[in-house]
> 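First, the structure itself, so that you have it in front of you.
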Amino acid sequence: QVQLVESGGGLVQAGGSLRLSCAASGRTFSSYAMGWFRQAPGKEREFVASISRSGGSTYYADSVKGRFTISRDNAKNTVYLQMVSLKPEDTAVYYCAAAGSLIVVVTARQYDYWGQGTQVTVSS
């Protein structure tokens, strides 16, 4: 069992930056590939980024590539999402998730555990 708790969301102006954190419980954090997803009001949840168990591989949605960076610290059981050059269309609830996989995972149904989400609001 893995419990995930996100933090770091908030209100920011367009062009600003935020760093989201996701703290995981348990001693097997390094056994999971991690991902970030987001869901805007009235829209389906969408993939944002994923990182492999070792942190050696990452993958991004085209909409955030070059602006968002996913990273992990296995010693701290934490995954991060650094977001820069934020746009109003990035406004959403952001969720972190854990998948029992060696490599990056982009499909939501392949994730086993989910956090409760943190709100990110980007004003224009």
> Quick one: does any side-chain atom of Thr121 pair with a main-chain N or O of Thr91 as donor and acceptor, under 3.5 Å?
no
> Which value, rounded to the nearest 0.5 Å, describes the distance between Trp36 atom CH2 and Ser50 atom OG?
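These two atoms lie 12.0 Å from each other.
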> Should Ile51 and Val2 be regarded as members of a common hydrophobic cluster, given that ILVMFWY residues are connected when their side-chain heavy atoms come within less than 4.5 Å of each other, either directly or indirectly?
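Yes; Val2 is reachable from Ile51 via cluster members.
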> With a cut-off of 3.5 Å and sequence neighbours excluded, list every side-chain donor-acceptor pair involving residues 10-19.
none

> Does the Gln82 side chain pair with the main chain of Thr69, one donor and one acceptor, at a distance under 3.5 Å?
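Such a contact is absent between Gln82 side chain and Thr69 backbone.
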> Under 4.0 Å between a side-chain nitrogen and a carboxylate oxygen: does that hold for Asp62 and Lys65?
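Looking at Lys65 together with Asp62, the answer is yes, because their closest N to O distance falls below 4.0 Å.
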> Given side chains that start at C-beta, do those of Glu6 and Tyr94 come closer than 4.5 Å, heavy atoms only?
no
> Mind checking whether Val120 and Met83 have side chains closer than 4.5 Å, heavy atoms only?
yes
> With rounding to the nearest 0.5 angstrom, report the SG to CE distance, Cys22 to Met34.
4.5 Å
> Is a side-chain N or O of Thr78 found less than 3.5 angstrom from the main chain of Lys76, in a donor-acceptor match?
yes
> To the nearest 0.5 Å, what is the distance between CD (Gln116) and CG (Leu4)?
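So the gap between those two atoms works out to 9.0 Å.
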> Any idea which heavy atoms bring Ala99 and Gln110 closest together, and the distance?
CB-O, 3.6 Å
> Is a side-chain donor or acceptor of Arg67 paired with a backbone partner of Ser85 at a separation under 3.5 angstrom?
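Yes, Arg67 side chain to Ser85 backbone: donor-acceptor pair under 3.5 Å.
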> Just wondering, more than 12 heavy atoms not from Gln3 lying within 6.0 Å of its CD?
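12 or below, so no.
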> Compare every heavy atom of Gly115 with every heavy atom of Tyr95, then report the nearest pair and how far apart it is.
CD2-O, 3.6 Å
> Nearest 0.5 Å, please: how far is CZ in Phe47 from OG1 in Thr107?
8.5 Å
> Are Tyr32 and Tyr80 connected in the hydrophobic side-chain network, where two residues link if heavy atoms are under 4.5 Å apart?
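Different clusters: Tyr32 never reaches Tyr80 through Ile, Leu, Val, Met, Phe, Trp or Tyr contacts under 4.5 Å.
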> Are Leu20 and Phe29 linked, directly or through intermediate hydrophobic residues, by side-chain heavy-atom contacts shorter than 4.5 Å (ILVMFWY only)?
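Per the 4.5 Å side-chain linkage, Phe29 and Leu20 are co-clustered.
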> More than 12 foreign heavy atoms under 6.0 Å from OH of Tyr59: is that the case here?
no
> Mind checking whether Val105 and Val64 sit in one hydrophobic cluster, side chains of I, L, V, M, F, W, Y counted as touching below 4.5 Å?
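Different clusters.
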> State the CG-OG1 distance between Asn74 and Thr28, to the nearest 0.5 angstrom.
10.5 Å
> To check you understand the geometry: which heavy-atom pair defines the closest contact between Ala33 and Arg72, and what is its length?
CA-NH1, 4.0 Å
> Can Leu86 be reached from Val48 by stepping across I, L, V, M, F, W or Y side chains whose heavy atoms are under 4.5 Å apart?
yes
> Got a second to check how far Leu81's CG is from Ser21's OG, nearest 0.5 Å?
9.5 Å
